[in-house]
Amino acid sequence: MKLLEDRIRKDGKVFPGDVLKVDSFLNHQIDVDFISQLCLEWKRLYEGTEITKILTIEASGIAIASVAALHFNVPLLFAKKTKTVNISADVYTAKVESYTHKTTYDIIVSKEFLKPCDKVLIIDDFLANGKALEGLIKLCEDAGATVAGIGIAVEKACQRGGDLIRSKGYRVESLARVSSMSVEGGVEFC
Ligand code: 5GP
């Protein structure tokens, strides 16, 4: 999506370790009107697909996913990160390896909010190695819910996550796909 690519070219900052920061409009300060336009693109792409719930992971996915939920007119559910050792029986849980912090944590959602009848659109800000998505997909599988699709704002296609998740048969709609990036050279798109 040219709109997002242009904004990343203008405002994105590349950091060592293949980290792209978009703090001025998506991850810290939020340009709500701008991310609303991104969400409308997912709405167009998933026209005709039944969606009953949007699922994301805290914290950075929540802003964009909540605007998506507004456009799809469905509830937003976000998986919480937890360090609790004793996980209650009332939640579905998965382990996720953090791309940015290089640690592993548990994510949980309450069984009350994810049901076998749900058709879930998973939304996240970034896709790198696919660990966050694998965790969110596991939560849906454990609940017996259907993953109707996945919407990603920025896919770092130079990393393996997109191929991995698509090879499992999931539909992944990424609005910008980064083919390469470097601190010196900036960002290139597929
Ligand atoms: P994955 O689990 O696919 O390896 O990484 C995706 C998660 O890590 C996303 O939820 C996102 O929060 C974070 N992430 C991965 N790469 C980047 C990046 O380049 N920039 C930012 N801001 N977050 C990233």
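Counting convention: from 1, in listed order, for ligands and their atoms alike.
- For ligand 1, the atoms closer than 4.0 angstrom to any heavy atom of V19 are 19 (O), 20 (N).
- The shortest heavy-atom contact between E155 and G162 is OE2-CA, 3.5 Å.
- Near D125, the atoms of ligand 1 lying under 4.0 angstrom from a non-hydrogen atom of the residue are 9 (C), 10 (O), 11 (C), 12 (O).
- Under the 6.0 Å distance and 45° angle rule, R9 does not count as a cation-pi partner of F189.
- Here S60 has side-chain heavy atoms under 4.0 Å from ligand 1, and that is the only part of it that gets that close.
- From the protein, the heavy atom lying nearest to atom 14 (N) of ligand 1 is F126 CB, 3.8 Å.
- Under the 4.0 angstrom criterion for non-hydrogen atoms, L133 is not in contact with ligand 1.
- Per-residue contacts place L20 under 4.0 angstrom from the following atoms of ligand 1 (heavy atoms of the residue considered): 18 (C), 19 (O), 20 (N), 21 (C), 22 (N).
- Residue contact check: D18 has heavy atoms under 4.0 Å from atoms 19 (O) of ligand 1.
- Of the protein's non-hydrogen atoms, A132 N, 2.8 Å is the one closest to atom 2 (O) of ligand 1.
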After noting the C-alpha distance and the side-chain angles of R44 and E41, does the key distance pass the salt bridge (Lys or Arg N to Asp or Glu O under 4.0 Å) rule?
CA-CA 5 Å; R44 191 187 65 77; E41 179 64 4; 2.8 Å; yes
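- Using modelled atom types, one side-chain atom of D118 and one backbone atom of K115 make a donor-acceptor pair closer than 3.5 Å.
- A distance-only check finds no donor-acceptor pair linking the side chain of S174 to the backbone of R177 [under 3.5 Å].
- With a 4.0 Å heavy-atom cut-off, ligand 1 is reached by the side chain of N27 but not by its N, CA, C or O.
- Residue contacts with ligand 1: G130 is placed with a nitrogen or oxygen under 3.5 Å of a nitrogen or oxygen of the ligand (distance criterion only).
- Not a single heavy atom of G61 sits under 4.0 Å from any atom of ligand 1.
- Contact annotation for N129 and ligand 1: heavy atoms of both the backbone and the side chain come within less than 4.0 Å of the ligand.
- The proximity of K156 to ligand 1, defined as any non-hydrogen pair under 4.0 Å, is limited to the side chain.
- The single protein non-hydrogen atom nearest to atom 8 (O) of ligand 1 is Y99 CB, 3.6 Å, given as residue, atom name and distance.
- Within a 6.0 Å sphere centred on NZ of K111, other residues, nucleotides and ligands contribute more than 12 heavy atoms.
- Cluster annotation: Y92 and I108 are assigned to distinct hydrophobic clusters (Ile/Leu/Val/Met/Phe/Trp/Tyr, side-chain heavy-atom contacts under 4.5 Å, transitive).
- The environment of K81 atom NZ is dense: over 12 non-hydrogen atoms of other residues, nucleotides or ligands sit within 6.0 angstrom.
- The closest side-chain donor-acceptor pair between D106 and T82, if any, does not fall under 3.5 angstrom.
- Enclosure of atom NZ in K102 by more than 12 non-hydrogen atoms of other residues, nucleotides or ligands within 6.0 angstrom is indicated.
- The atoms of ligand 1 that sit less than 4.0 Å from any heavy atom of D124 are 9 (C), 10 (O).
- Considering both main-chain and side-chain atoms, A128 comes within under 3.5 Å of ligand 1 through a nitrogen or oxygen pair.
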